[in-house]
Amino acid sequence: MTNSTSVLTDPESDTGAATSDEPQDAARRRSAALSAALRRGRRTGDSSIKLKTVAVGVVILVLVVAVAVLGWQLSDKSDQIDAARADQAGTAHAEQVALDYATAAAQMNFQDLASWRTRLTKGTSPELSNRLTQAAGSMEQIITPLQWVSTAKPVAAKVRSDNNGIYAVDCFVSVLTKNSQAPEGIQSTATYQLTLDSHNNWTITDIGGIGSALNGAAAPR
């Protein structure tokens, strides 16, 4: 008779092993899911950071452009203001120089014609100075016999035109003239038309109207 050993398998032990593996599988699945979620979260976070970085960059760029445009506008406006101020200053200076000259030139005294000739040619170009000197010689033939004395006061000056720094100025001077024929004096207004070159130390390059101070005597041209 053959003895045989039967190996009995405990079904409960198999079930227990399977049961013990289930929590581990579940834990692994939860861990994998959590890892995947974390990775998605990191990717989402990275995307958000990138978007924020781009947005900040765009804002900075817009601000830089805005500041640049504003700076250009302010610079352009400042240049325009400076140019306007320079024009006003040039006009005012031309009028003052012209009026000072006209007032001085209108003052004559037959007893001191040398001083008058000096005032007449002061600040004028060489060519104009020669013309004025010649004209003064002719005018002295009238001034001396009549014992002419004129005093003058400035009235006004106005720039008529400005051609790239060449100013044409009209001047008006109040003149009181006394001579042997009018010892009580005659009040009149002398008109001078002057041309000044601002590029050449405000030199007077042309003059007209000086004869009005002599009530019709020949004016230098």
Student check: side-chain heavy atoms of Tyr101 and Ile207 closer than 4.5 Å: yes
Validation row: Ser198, Tyr167 side chains within 4.5 angstrom (heavy atoms): yes
Check: Ser115/Asp112 side-chain N/O donor and acceptor closer than 3.5 Å: yes
Residue Gln187 excluded, over 12 heavy atoms near CD under 6.0 Å: yes
Flag, side chain of His199 to backbone of Asn164, donor-acceptor distance under 3.5 Å: yes
Taking every non-hydrogen atom, the tightest pair across Trp116 and Ala136: CZ3-CB, 3.8 Å
Pairs touching residues 117-140 that satisfy ring pair (Phe, Tyr, Trp, His ring centres under 6.0 Å), sequence neighbours left out: none
Donor-acceptor contact below 3.5 Å, side chain Arg119 vs main chain Ala104: yes
Considering all heavy atoms, the nearest Val175-Thr177 contact: CG1-OG1, 3.5 Å
Exercise: identify the closest heavy-atom pair between Gly165 and Asp162: N-OD1, 2.9 Å
Heavy-atom check, side chain of Leu113 versus side chain of Ile143, under 4.5 Å: yes
Which residues share a side-chain contact (heavy atoms from CB on, under 4.5 Å) with Asp100, sequence neighbours left out: Gln96
Compile the donor-acceptor pairs under 3.5 Å between side chains in residues 151-159 and protein atoms, sequence neighbours left out, one pair per line.
none

Set of side-chain contact (heavy atoms from CB on, under 4.5 Å) partners for Ala102, sequence neighbours left out: Cys171, Val173, Tyr192
Derivation of the side-chain contact (heavy atoms from CB on, under 4.5 Å) call for Val149 and Phe110: CA-CA 6 Å; Val149 177; Phe110 74 99; 3.9 Å; yes
Short side-chain donor-acceptor distance under 3.5 Å, Trp148 and Ser150: yes
Stepwise side-chain contact (heavy atoms from CB on, under 4.5 Å) check, Asp206 with Arg131: CA-CA 10 Å; Asp206 196 14; Arg131 290 162 52 194; 3.5 Å; yes
Residue pairs, two or more places apart or on separate chains, that pass salt bridge (charged side-chain N to carboxylate O under 4.0 Å, His left out) and touch residues 169-181: Arg160-Asp170
Check: Asn109 side chain, Gln111 main-chain N or O, donor-acceptor pair, under 3.5 Å: yes
Any side-chain heavy-atom pair of Thr124 and Thr203 under 4.5 Å: no
Minimum heavy-atom distance Leu196-Ala94, with the two atoms named: CD2-O, 4.1 Å
Closest approach of Trp202 to Gly90 (non-hydrogen atoms, all atoms of both residues): CH2-O, 3.4 Å
Contacts of type side-chain contact (heavy atoms from CB on, under 4.5 Å), residue Ala89, not counting sequence neighbours: none
Donor-acceptor contact below 3.5 Å, side chain Thr121 vs main chain Arg117: yes
